[in-house]
Amino acid sequence: MNKTVRAALMTVLAAFVLAGCAKPDAGGGGEAASGQPAEPAQPLEPVTLKMYQIQSLWTEKDVSDLIIDRVKKKYPHITVVFESKGNVEKALTAGEEMDLIAVWNGNMPYYMDFDIFENISPLAQKMNIDLTRFDQGALDSIKALSQKGELIGLPNMLQFNALYYNKEIFDRFGAPYPKDGMTWEDTIELAKKVTRPDGGTAYLGLDPDYLTRLLTPMSLNIVDSKTNKSNVGSEAYRKVFEIGKAIYDIPGNKPAAGVMKGSAADRFIKERTVAMLTTVNLLDRLKQTPDLNWDVAQFPSFKERPNLYGMYDLHVMTVSKTSKHKEDAMRVLEVLFSDEVQLMSSKSAGKLPVMKDPKFNQAFLQDTPELKSKQIQSMFKSKPAPAPAYSMHYSKARGILVNNFVEYVNGTKDVNTALRESDEAINQMIEAEKK
């Protein structure tokens, strides 16, 4: 980022933060400075809060149903305006106010330099929001993003991993359907039974989608966020590479587009040439394809890490440090994370809550008749793996690692060379980025 632009943003942010501290929010209580009881709280003043998002995490409909309407019902003085196409960086540069920010936890490290994420913990305590209701692992993964270990947002959705399978392909070749509790080795052996050409179509037994589906259950994060050095080279990376190669070494199991090329979801849903696909939430697309005979099973596990899938992959709601109405912003979060709204989110919107109580998982997509016959609860037999803090260099480092993995799979490099050259190239990239 240009130093001049960054300096300008920091100046704007400082002005916002000072302005926000100048006057307490309306409706505050407590005692007067003399120690005598304070005057009765004044009626809450009407306020308009602006909600931005980094990436397209929310639709207009979901924001209206789960946030705007519900907040207005409980707190009539609050109006939430969703800036669905608003650009956070441009808004900061222009000095625009923002109160709430929706962001993927993997993107938060990049925005840490802007210092826009408010520490939620003291606000939650002040507003009597019970943080013990949340999945503690999810909260820990958000705290890990802050150098001070602060809780800089609350998770409103968990991205899950699952194994989807095409029942018609298994029936065609007389093979048993995938079952819950399989290891990667089990899944590879099953894939061999349904990988073959038939009737002019080349059927793939197993498509792992992308390298991250194998990396994240092992909590492999590629770049250490504290040292900004490559983590590649451990025995765990070798294990992942070798499992990945074993998948593509099944005769006939490489996609025509190439390894890690094209859309795995399209191969499964549109082309219908994939027997098993291990990936993230495809349920919204699948429910719109009623003629595809599919089902879902538990995500495969590594033997040494049973019942774990990808690291905590979270959509996070944060309060902006630039907000002049932080208490009202927390009232919005209070409504969003109420049992009522979280159950609505789970049942109807397909946003998997990140709460301890199993009732939220049990309610997942219950209001979707197209999924009534599917084994949805199989997905919940696995849990997210612990998530170390992402580095701002993660995305570019992942691209380097994937390129070397593909060369290893294609036989142009051995595993030692692929890992060593990944490690060297990632560190060189980070040094270049610093300059």
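Residues take their numbers from the sequence shown, with the count starting at 1. If you're wondering where the values come from, they're calculated on a predicted model, not measured in any experiment.
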Would you say CD of Q125 has more than 12 non-hydrogen atoms from neighbouring residues, nucleotides or ligands within 6.0 angstrom?
no

Can you tell me how the ring of Y177 sits relative to the ring of F170, calling it parallel under 30°, perpendicular over 60° and tilted otherwise?
perpendicular

Using the side-chain hydrogen bond (donor to acceptor under 3.5 Å, both in side chains) criterion, which residues pair with Q53? Sequence neighbours excluded.
none

Salt bridge between R133 and D339, side-chain N to carboxylate O under 4.0 Å?
yes

Whether the side chain of N307 engages the backbone of G181 through a donor-acceptor N/O pair (distance < 3.5 Å, no angle test) should be reported.
no

Trace of the ring pair (Phe, Tyr, Trp, His ring centres under 6.0 Å) decision for F337 with F134
CA-CA 9 Å; F337 292 108; F134 291 83; 5.1 Å; yes

K270 NZ: over 12 foreign heavy atoms closer than 6.0 Å
no

More than 12 heavy atoms of other residues, nucleotides or ligands under 6.0 Å from NZ of K396: yes or no?
no

Just to verify, which of V409, L214, L401, V232 counts as forming a side chain to side chain contact (heavy atoms under 4.5 Å, CB included) with F241?
L401

For the pair W104 and Y390, name the ring-plane relationship: parallel under 30°, tilted 30 to 60°, perpendicular over 60°.
tilted

Under 3.5 Å: donor-acceptor pair, side chain of Y394, backbone of V223:
no

Relative to each other, are the rings of F380 and F364 parallel, tilted or perpendicular (30° and 60° limits)?
perpendicular

List the atom pairs, with distances to 0.1 Å, where a side-chain N or O of residues 71-81 and a protein N or O form a donor-acceptor pair under 3.5 Å, not counting sequence neighbours.
| from | atom 1 | to | atom 2 | distance (Å) |
| --- | --- | --- | --- | --- |
| K72 | NZ | P76 | O | 3.0 |
| K72 | NZ | I78 | O | 3.1 |
| K72 | NZ | T79 | OG1 | 2.9 |
| K74 | NZ | E334 | OE2 | 2.5 |
| Y75 | OH | E334 | OE1 | 2.7 |
| Y75 | OH | E334 | OE2 | 3.0 |
| H77 | NE2 | D328 | OD1 | 2.8 |

Under 4.0 Å between a Lys/Arg side-chain N and an Asp/Glu carboxylate O for R272 and E168?
no

Is it true that F160 and Y309 have ring centroids separated by less than 6.0 Å?
no

Parallel, tilted or perpendicular, as decided by the 30° and 60° cut-offs, for the rings of W184 and F302
tilted

When you look at NZ of K372, are more than 12 heavy atoms from neighbouring residues, nucleotides or ligands closer to it than 6.0 Å?
yes

If you count every heavy atom of other residues, nucleotides or ligands that lies below 6.0 Å from Q147 atom CD, does the total exceed 12?
no

Salt-bridge test for E150 and K143: reply yes if a basic N is under 4.0 Å from a carboxylate O, no otherwise.
no

Could you walk me through whether T48 and D99 pass the side-chain contact (heavy atoms from CB on, under 4.5 Å) check?
CA-CA 9 Å; T48 297; D99 303 283; over 6 Å; no

Verify the neighbour count for atom NZ of K434: are there more than 12 heavy atoms of other residues, nucleotides or ligands below 6.0 Å?
yes

Within 45° cone and under 6.0 Å: K374 NZ/CZ vs W294 ring:
yes

Can you find a heavy atom in the side chain of L92 that is under 4.5 Å from one in the side chain of M98?
yes

Looking at K321 and E97, does any basic side-chain N land under 4.0 Å from a carboxylate oxygen?
no

Min side-chain heavy-atom separation M127-R331 under 4.5 Å:
yes

L100 side chain near M317 side chain, heavy-atom distance below 4.5 Å:
yes

Say you draw a straight line from CE of M344 to CG of L336; how long is it, rounded to the nearest 0.5 Å?
10.5 Å

